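Note sheet for the following structure.
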Amino acid sequence: MLPADNEELGFDNMKILAGIKKPDERNKAQDAIKQGKSPDSVIAMMKKKAEKVDPRQKLEKEKARLTKTIDELKTRLEYVEESLANL
């Protein structure tokens, strides 16, 4: 059974809200649903907010990911070269 203050949301809307990790964003989505917005529009609203990421931060994150991948591939290449030399 749902808490009394969330009974009007319904099961499907509660599933949507449960998937939102940040409490402040969850509260905004809950308010939008209570104001009569459709579940699809609430999902779209949350996706738009997720897309507003700082370009610098995004590039720094990608750089770190690529650097890690390159290091792992170098290690793997050394292993393969050593294996070939031993054959």
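For clarity, every value in this text was computed on a predicted model and none was experimentally measured.
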> For Arg76, which residues count as a side-chain hydrogen bond (donor to acceptor under 3.5 Å, both in side chains) partner, sequence neighbours excluded?
Replying inline: none

>> I need the Gln35 CD to Ser41 OG distance, nearest 0.5 Å.
In response: 10.5 Å

> What distance do Met14 atom CE and Ile33 atom CD1 have between them, rounded to the nearest 0.5 Å?
Replying inline: 9.0 Å

Can you give me every donor-acceptor pair (side chain of residues 58-74, partner residue at least two apart or in another chain, under 3.5 Å) with its distance?
unit_1 : atom_1 : unit_2 : atom_2 : d
Glu60  : OE2    : Arg56  : NE     : 3.2
Thr67  : OG1    : Lys63  : O      : 2.8
Thr69  : OG1    : Arg65  : O      : 3.0

> Closest heavy-atom contact between Met45 and Ala32?
Replying inline: CE-CB, 4.1 Å

>> Give me the atom names and distance for the closest heavy-atom approach of Ile20 to Arg26.
In response: O-NE, 3.0 Å

> For Ile16, what are the other residues in its hydrophobic cluster, where any two members join if their side-chain heavy atoms are less than 4.5 angstrom apart?
Replying inline: Ile43

> Quick one: does Leu17's side chain get under 4.5 Å of Val42's, heavy atoms only?
Replying inline: no

